[in-house]
Engineer: 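One structure, as structure tokens, below. Some questions next.
The sequence lines fix the lettering, A, B, ..., with proteins before strands; numbering per chain opens at 1.
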2 protein chains.
Amino acid sequence: MSVTPTASPLFLRENEVRRGVELLFFGYTRLTRAIDEGLAEHGLGRAHHRALYFIARQPDLPISALLKILAITKQSLGRVLTDLGDRGLVETRVGNVDRRQKLLRLTPEGIQFEAQLFDALRNSLASAYAAAGQESVTGFWRVLEGLIPAEDKAMVVALQKDI
Amino acid sequence: MSVTPTASPLFLRENEVRRGVELLFFGYTRLTRAIDEGLAEHGLGRAHHRALYFIARQPDLPISALLKILAITKQSLGRVLTDLGDRGLVETRVGNVDRRQKLLRLTPEGIQFEAQLFDALRNSLASAYAAAGQESVTGFWRVLEGLIPAEDKAMVVALQKDI
DNA sequence: CAAGATACGTCAATATGGCTGTCCCATCTT
DNA sequence: AAGATGGGACAGCCATATTGACGTATCTTG
């Protein structure tokens with residue numbers, strides 16, 4: 001420990017914080033752009049991909065769970081799910097434990113389409129992982145986890161528990 | 001080196017890739033939410049903040065440079081800059097080397113407002129950094145840098161060179 | 001100097017993805 | 001039987017992005 005008194009690290013890191021803000025902005029937006037072309041082929045947008053992605057991740061997800069994940073309104077999600085249903089990418093079945101629920105899953109075409117989009121994400125992320133090295137990947141995850149508020153963390157962990 | 005042949009790491013990391021996709025999604029969206037309240041007080045949105053942020057970062061930025069950073073159209077940026085100008089947060093001056101250019105900078109009110117928004121970002125990011133530790137922060141940066149296409153990297157480096 | 005390229009502004013039309021508020025129905029819980 | 005919950009649907013609105021076309025001032029170059 002240094003003898004020199006230092007101000008709280010929380011208030012001494014403007015440069016590091018700006019760097020993080022900028023890298024997050026560029027990294028996130030560039031990653032999402034990787035799939036725009038594939039989406040446009042089906043006349044879909046990024047909102048559709050987000051739904052598709054999380055349905056692929058947790059088949060038989062109830063609508064209420066997807067609403068929590070995406071943190072948008074029922075109406076906004078409704079339009080997206082209608083589009084995906086119309087294109088035969090997503091289907092619903094009645095919940096077996098609670099018949100009010102509709103459980104979402106991808107159709108075979110939906111599975112194939114999501115996999116195609118995921119390939120683009122994998123190409124981008126895997127090459128970033130490879131360039132940075134495994135220790136960096138761990139750090140990448142740790143920092144991002146720290147950005148997720150405590151009340152949302154359980155949701156994210158649930159997505160990843162069955163990996 | 002293992003004797004067992006392994007497939008290319010670029011195609012064996014579905015779990016790691018999905019984890020990255022999800023953490024980036026939640027981390028990025030939660031970080032951006034941290035400033036919504038402050039923006040709403042002025043009737044502004046996230047698009048305004050992005051402009052404000054990069055103008056704060058590089059005073060006397062020409063409009064063309066901001067267009068490249070944000071990667072949106074002139075028309076979209078035009079509205080944002082009009083709003084910021086109307087509220088007295090941003091001002092322009094004619095370029096001294098090239099009189100066609102308009103150099104953007106924040107007014108004193110703009111500087112103060114940007115700093116207020118930045119405080120919220122700093123709180124979120126600094127606590128994530130602190131929880132993860134410095135080695136993690138380095139990894140976080142490295143992976144995100146790997147997500148930025150080569151043709152955009154110079155732009156990001158330019159932002160950070162004067163840190 | 002004339003011609004073309006560049007920086008910026010602006011008009012009109014359009015798309016996407018969010019929002020609020022309200023109301024409804026089916027089903028589960030108590 | 002009453003209330004809570006899961007989901008759907010209506011209407012209207014807002015923020016942010018798009019394309020294409022055109023105009024003007026200024027810089028660069030043959």
Engineer: Relative to each other, are the rings of A:Phe54 and B:Phe25 parallel, tilted or perpendicular (30° and 60° limits)?
Structural biologist: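 Tilted.
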Engineer: Expressed in angstrom and rounded to an integer, what is the separation of B:Leu77 atom CG from D:dT16 atom P?
Structural biologist: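 Roughly 12 Å, once rounded to whole Å.
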Engineer: Report yes if at least one side-chain N or O of B:Ser76 is closer than 4.0 Å to OP1 or OP2 of D:dT16; otherwise report no.
Structural biologist: no
Engineer: Would you kindly give the CG-to-P distance between A:Leu44 and C:dA15, to the nearest whole Å?
Structural biologist: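 My rounded result for the distance is 15 Å.
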Engineer: Does C:dT6 have its OP1 or OP2 closer than 4.0 Å to a side-chain nitrogen or oxygen of B:Ser64?
Structural biologist: no
Engineer: Is B:Arg87 reaching over with its side chain to a backbone N or O of B:His42, donor-acceptor style, under 3.5 angstrom?
Structural biologist: yes
Engineer: Would you say D:dT24 has OP1 or OP2 under 4.0 Å from some side-chain N or O of B:Arg99?
Structural biologist: no
Engineer: So, for A:Phe118 and A:Phe113, is the gap between ring centers shorter than 6.0 Å?
Structural biologist: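 No.
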Engineer: Does a side-chain N or O from A:His48 land closer than 4.0 Å to OP1 or OP2 of C:dT16, or not?
Structural biologist: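 For C:dT16, OP1/OP2 do not have a side-chain N/O of A:His48 under 4.0 Å.
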Engineer: Under the 3.5 Å rule, do the base of D:dT5 and the side chain of A:Arg100 count as making a donor-acceptor pair?
Structural biologist: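 Donor-acceptor pair under 3.5 Å: yes.
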Engineer: Look at B:Thr73 and D:dT19 and indicate whether a side-chain polar atom (N or O) is within less than 4.0 Å of OP1 or OP2.
Structural biologist: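 So the side-chain polar atoms of B:Thr73 never come under 4.0 Å of the phosphate oxygens OP1 or OP2 of D:dT19.
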Engineer: Donor-acceptor pair under 3.5 Å: do we get one between A:Gln75's side chain and the base of C:dG21?
Structural biologist: yes
Engineer: How is B:Gly78 classified with respect to the nucleic acid when contacts are heavy atoms under 4.0 Å: base, sugar-phosphate, or nothing?
Structural biologist: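 Counting heavy atoms under 4.0 Å across all strands, no contact is made by B:Gly78.
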Engineer: How is A:Arg46 classified with respect to the nucleic acid when contacts are heavy atoms under 4.0 Å: base, sugar-phosphate, or nothing?
Structural biologist: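 Touches sugar-phosphate only.
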Engineer: To the nearest Å, give me how far apart CD1 (A:Ile72) and P (D:dT16) are.
Structural biologist: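 Distance check: A:Ile72 CD1 to D:dT16 P gives 17 Å.
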Engineer: With side chain to side chain donor-acceptor pair (under 3.5 Å) as the criterion, how do B:Gln134 and B:Tyr129 come out once you've worked through the C-alpha distance, each side chain's angles and the decisive distance to 0.1 Å?
Structural biologist: CA-CA 7 Å; B:Gln134 185 58 46; B:Tyr129 282 0; over 6 Å; no
Engineer: What's the closest nucleotide to the B:Ile63 side chain, out of D:dT16, C:dG9, C:dG17?
Structural biologist: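 Closest nucleotide among those given: C:dG9.
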Engineer: Without decimals, in angstroms, what is the distance between B:Leu67 CG and C:dA7 C1'?
Structural biologist: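 Rounded to whole Å, this separation is 10 Å.
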Engineer: Could you check how far NZ of A:Lys102 sits from P of C:dT27, rounded to whole Å?
Structural biologist: 11 Å
Engineer: Is any side-chain heavy atom of B:Thr32 closer than 4.5 Å to one of B:Leu121?
Structural biologist: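 No, side chains not in contact.
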Engineer: Could you check how far CZ of A:Arg79 sits from P of D:dC13, rounded to whole Å?
Structural biologist: 15 Å
Engineer: Relative to the 5' end of DNA chain C, which residue comes earlier, A:Gly45 or A:Asp98, by the nucleotide with the nearest heavy atom?
Structural biologist: A:Gly45
Engineer: Any donor-acceptor pair, under 3.5 Å, between the side chain of B:Lys74 and the base of C:dG9, if you only look at N and O atoms?
Structural biologist: yes
Engineer: Between B:Arg18 and B:Glu22, does at least one N-O distance fall below 4.0 Å, as a salt bridge requires?
Structural biologist: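 No, this pair does not count.
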Engineer: Roughly, in whole Å, what's the span from CD in B:Gln101 to P in D:dC27?
Structural biologist: 10 Å
Engineer: Assuming nearest nucleotide by heavy-atom distance, tell me which of A:Gly43 and A:Ala71 is located more 5' along DNA chain C.
Structural biologist: A:Gly43
Engineer: Round to the nearest Å and state the distance from A:Asp83 atom CG to C:dA15 atom P.
Structural biologist: 14 Å
